[in-house]
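Here's the structure, in structure tokens; my notes come after.
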Amino acid sequence: MTGGMIEDGATAGLAGSTELAILGGPKAFAERLHVGRPNIGDRSMLMQRMAGILDRRCLTNDGPLVREFEQAVGEFVDVRHCVATANGTLALQIAIRAAGLEGEAIVSPLTFVATAHALRWQGITPVFCDVDPRTHNLDPARVEDLITERTSGIVGVHLWGRPCAIDELTALAERRGLALLFDAAHAFGCSHRGRMIGGHGNAEVLSFHATKFVNSFEGGAIVTDDGDLAERARLMRNHGFAGYDDVRSVGTNAKMSEASAAMGLTSLEARDDFYAANRDNYEAYRAGLEGVGGIELIAYEEAELCSRHYVVIEVDESAALSRDELRRVLWAENVLARRYFFPGCHRMEPYRSAFAEAGRELPEAERLTDRLLALPTGTAVGPATVAVVSDLIRRAMADGRRLRRQLQTTAPLDGDLAARGGS
Ligand SMILES: Cc1ncc(COP(=O)(O)O)c(C=O)c1O
């Protein structure tokens, strides 16, 4: 360990011995268990870097730690250029502009809403394309059907860190003369056919948000082998400044701060601990959920490098409880499992009003947004906690009928009824 302490706060003794909390038993966890508590890394190293920042009095504006972080990220994902930013959303906006997107861009609806907003923010229409139910990523066969004369690009999302159909999308983009970007916010530290995610398409976009595999408090990056694109992105990141008083293009302020870079470097150095903790948790979930009717744990390619930063289950309500019912059972136990990504971008404004019919054309995304549930993992939990959570799920699904009756008499969770309103 390099100080990326694994803290497993499970109250494991309660597993299996008492009534579920929704039925009046005690909560399995005294404290709330969150899906994405941050991975920290070596605290003393972080403090040392922070002291250096204060000593140098260089807090931002392309400082030495930002440059070091860009170098380290670029080497790790094996690309020629890395432009670090204040967050992943700004990195997306800049990559979209630097790649020349306009008009329409084809994108998955099954993603964090920032992917769609980054397009819309710049007056580009996101055209939602259905996903492949096996991968949860853009279905390349359907992408081609959505290309019009207004289409300028495709934005794939490597959801859960599982790569998009990169080869098919690359061939399609080349054949149809489109730009190809990837939102790789989930996929830092993952590989595709042995090559790290980061080096595909015209550019890929990373997020180092606090909840991500490697974090810089808030942060992001554009990674690419295209030197011209990187240069445009670098200018845009800093108001178009090419030097003192020399503004060459329209830009924004998307600069990463030195404090963020200090955290990013510290977090990056501890990645082997994060990989190991996530693998242990994932394997514990796999063992704990084996044979539970109606629960399918999403799988990762064993042959690829993978952060396993997301532990996601698909809940089949015909077997016992629906995803939302199971979520209520878990929340009653203080397990704050999350509905990533419910209800889908196409069901959020402004897209919901603009594309009222979208749901009908996105059957797979619709089905998945009703079934997916993300479970707690990362270095803040460990296999003992995972065993308790898995046991709760096993017991809930085994007792579905009785629980469903009970749930009818208890108040729904905030948002349970609202998001699908009107359809
Ligand atoms: C798929 C995806 N894209 C984009 C973002 C935006 O990144 P950031 O939070 O760093 O702005 C996130 C999450 O945070 C995300 O999960």
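For ligands, and for the atoms within them, numbers begin at 1 and follow the listed sequence. Values below: all heavy atoms of this structure, side chains included; hydrogens, waters and symmetry mates excluded.
- For atom 11 (O) of ligand 1, the closest heavy atom belonging to the protein is T89 OG1, 2.6 Å.
- Ligand 1 places these atoms under 4.0 Å from at least one heavy atom of G219: 10 (O).
- Using a 30° and 60° split on the angle between ring planes, F241 and H239 fall in the perpendicular class, above 60°.
- Looking at atom 12 (C) of ligand 1, its nearest protein heavy atom turns out to be F112 CD2, 3.4 Å.
- Distance alone, capped at 3.5 Å, is enough to place a donor-acceptor pair between the Q122 side chain and the A118 backbone.
- Heavy-atom proximity to A185, at under 4.0 Å, picks out these atoms of ligand 1: 1 (C), 2 (C), 3 (N), 4 (C), 12 (C), 15 (C).
- In the vicinity of T111, heavy-atom distances shorter than 4.0 Å reach the ligand 1 atoms 1 (C).
- Protein heavy atom nearest atom 7 (O) of ligand 1, with residue, atom name and distance: S207 OG, 3.4 Å.
- Remark: minimum distance from atom 14 (O) of ligand 1 to any protein heavy atom is reached at K212 NZ, 2.8 Å.
- Electrostatic pairing of E231 and R237 does not count as a salt bridge here, judged by no charged N lying under 4.0 Å from a carboxylate O.
- If you number the atoms of ligand 1 from 1 as listed, the ones under 4.0 Å from a heavy atom of H186 come out as 1 (C), 16 (O).
- Among the candidates E317, E314, E366, the single residue satisfying the salt bridge (charged side-chain N to carboxylate O under 4.0 Å, His left out) test with R371 is E314.
- Protein heavy atom in closest approach to atom 3 (N) of ligand 1: D183 OD2, 2.6 Å.
- The pair E296-R323 does not meet the salt-bridge criterion, since no charged nitrogen lies less than 4.0 angstrom from a carboxylate oxygen.
- Note: W160 and Y340 have parallel aromatic rings, judged against thresholds of 30 and 60 degrees for the angle between ring planes.
- L330 pairs in a side-chain contact (heavy atoms from CB on, under 4.5 Å) with only one of the listed residues (L33, V335, I22), which is V335.
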